[in-house]
Amino acid sequence: MVLWVFGYGSLIWNPGFDFDEKLIGYIKDYKRVFDLACIDHRGTPEHPARTCTLEHSTEAICWGAAYCVRGGPEKEKLAMEYLEGRECEYDSKTLVEFYTESDTIKPILTGVIVFTSTPDKVSNKYYLGPAPLEEMAMQIATASGPCGNNREYLFKLEKAMHDIEHEDEYVIELANEVRKHLDLPKEVKALLKPVVSRVSIKPQSQAHVSTLQRVFAS
């Protein structure tokens, strides 16, 4: 038995688990969107961060990285336990086909696990849904949590996509909009209030630049 997991967000640059192989490629009929709340890493329940999830979109493709875990059931179990804890805001696991540039017709892998979220605010408390670009940018520019601020997540994703040579125009546009807010004069920033989109919690067991000249976070 071999476990394959597809990463399209922070897993691209920071998998965080023991893996045996990494492939750069894409999945079909999905696009990356910043519609999911994060309340424990780069945001809080009172001021959630926006992180990316996948939205079904016919003929779209989403580039990322597929990770392979070999070595038996125990190693796979450890990887999945880590991922399920880290990706706790995602309420679904979907099996997808994975493609590379070498063959755009036939998938190189099938049965690849990807963490996704139900796009329904009623059944999925972490789903924020879409919002105007400026509103999302303000939320990302001001949110922060125990693991850092929201904008760092976005800028690192932008850089990661650049590094694998498959930039995402949506990510670039959003990142540049965030930079506009970061470049505001201090006296204007002082008047801005964080964009608040509260997520209810239930007890559980457990500097502006053009798209051609971007500044990547370290």
Side-chain angles (χ1 to χ4, degrees), residues 6-15 24-27 29-39 41-44 47-57 59-65 89-90 101 114-117 119 126-197 199 207-218:
F6 179 71
Y8 54 91
S10 61
L11 289 178
I12 298 175
W13 75 85
N14 180 32
I24 300 301
Y26 61 91
I27 61 175
D29 297 327
Y30 288 96
K31 66 179 182 180
R32 189 182 285 106
V33 292
F34 272 73
D35 292 351
L36 193 68
C38 176
I39 63 171
H41 287 79
R42 296 184 181 272
T44 64
H47 186 196
R50 274 188 179 264
T51 54
C52 61
T53 184
L54 293 179
E55 180 181 284
H56 189 270
S57 179
E59 296 186 1
I61 64 172
C62 180
W63 284 89
E89 279 107 2
Y90 298 82
E101 287 181 315
V114 60
F115 285 82
T116 57
S117 57
Y126 295 112
Y127 182 69
L128 297 175
L133 184 68
E134 184 175 357
E135 182 179 317
M136 288 197 297
M138 178 58 72
Q139 184 173 356
I140 292 170
T142 56
S144 63
C147 296
N149 58 59
N150 198 178
R151 60 185 180 272
E152 181 185 44
Y153 170 91
L154 173 60
F155 294 155
K156 284 189 173 183
L157 176 58
E158 182 188 31
K159 184 179 185 300
M161 300 309 296
H162 172 81
D163 289 346
I164 67 172
E165 300 181 348
H166 290 287
E167 295 179 302
D168 186 321
E169 288 301 318
Y170 168 75
V171 172
I172 293 171
E173 182 181 21
L174 184 54
N176 282 331
E177 189 68 25
V178 170
R179 292 188 180 99
K180 291 180 183 178
H181 294 288
L182 299 180
D183 283 345
L184 291 173
K186 290 183 179 179
E187 59 271 20
V188 177
K189 286 183 180 179
L191 299 175
L192 295 175
K193 294 182 179 180
V195 176
V196 176
S197 179
V199 175
H208 169 51
V209 290
S210 73
T211 56
L212 298 179
Q213 183 184 1
R214 294 180 297 282
V215 179
F216 295 125
S218 60

Closest non-hydrogen atom pair, Gly9 against Cys52
CA-SG, 3.7 Å
Smallest separation among heavy atoms of Pro48 and Ala37, with atom names:
CB-CB, 3.9 Å
Closest heavy-atom pair, Ala160 versus Ile12, reported as atoms and distance to 0.1 Å, is CB-CG2, 3.9 Å
Gap separating the CD atom of Glu158 from the CD atom of Glu167, nearest 0.5 angstrom
7.5 Å
Asn176 and side-chain hydrogen bond (donor to acceptor under 3.5 Å, both in side chains): which partner among Arg179, Glu173, Lys180?
Arg179
Close side-chain approach of Tyr126 and Thr53, heavy atoms under 4.5 Å
no
Let me see the working for Phe155 and Val178 under side chain to side chain contact (heavy atoms under 4.5 Å, CB included), right down to the final yes or no.
CA-CA 9 Å; Phe155 294 155; Val178 170; 3.9 Å; yes
Which heavy-atom pair separates Cys147 from Glu152 by the least distance, and what is that distance?
O-OE1, 4.3 Å
Here the gap from Leu174 atom CG to Glu169 atom CD, rounded to the nearest 0.5 Å, amounts to 12.5 Å
Has Asp29 got a side-chain atom pairing as donor or acceptor with Glu59's backbone, closer than 3.5 angstrom?
yes
Does a side-chain heavy-atom distance below 4.5 Å link Arg50 with Asp35?
yes
Hey, are the side chains of Tyr90 and Thr51 touching, using non-hydrogen atoms and a 4.5 Å cut-off?
yes
With sequence neighbours excluded, residues passing salt bridge (Lys or Arg N to Asp or Glu O under 4.0 Å) with Glu101:
none
I'd like to know if the side chain of Tyr8 reaches the main chain of Val114, judged simply by a donor and an acceptor atom lying under 3.5 Å from each other, with no hydrogens or angles considered.
no
Counting distance only, does the side-chain N/O of Asn150 pair as donor-acceptor with the main-chain N or O of Arg42 below 3.5 Å?
no
If we ignore hydrogens and angles and just use 3.5 Å, is the side chain of Arg151 paired with the main-chain N or O of Ala141 as donor and acceptor?
yes
Heavy atoms, side chains only, cut-off 4.5 Å: are Phe6 and Leu11 in contact?
no
Find out whether Leu128 and Gln139 are in side-chain contact, i.e. whether some heavy atom of one side chain is under 4.5 Å from a heavy atom of the other.
yes
For Tyr26, give me all partners under ring-ring contact (aromatic ring centres under 6.0 Å, His included), at least two apart in sequence or on another chain.
Trp63, Tyr99
Which atom pair, heavy atoms only, marks the closest approach of Cys38 to Glu89?
CA-OE2, 3.8 Å
How close do Ile27 and Tyr30 get, heavy atom to heavy atom, and via which atoms?
CD1-CD1, 3.9 Å
Rounded to the nearest 0.5 Å, what separates atom CD in Glu165 from atom CG in Asp163?
9.0 Å
Could you measure the distance from the CD1 atom of Ile164 to the CD1 atom of Ile24? Nearest 0.5 Å is fine.
4.5 Å
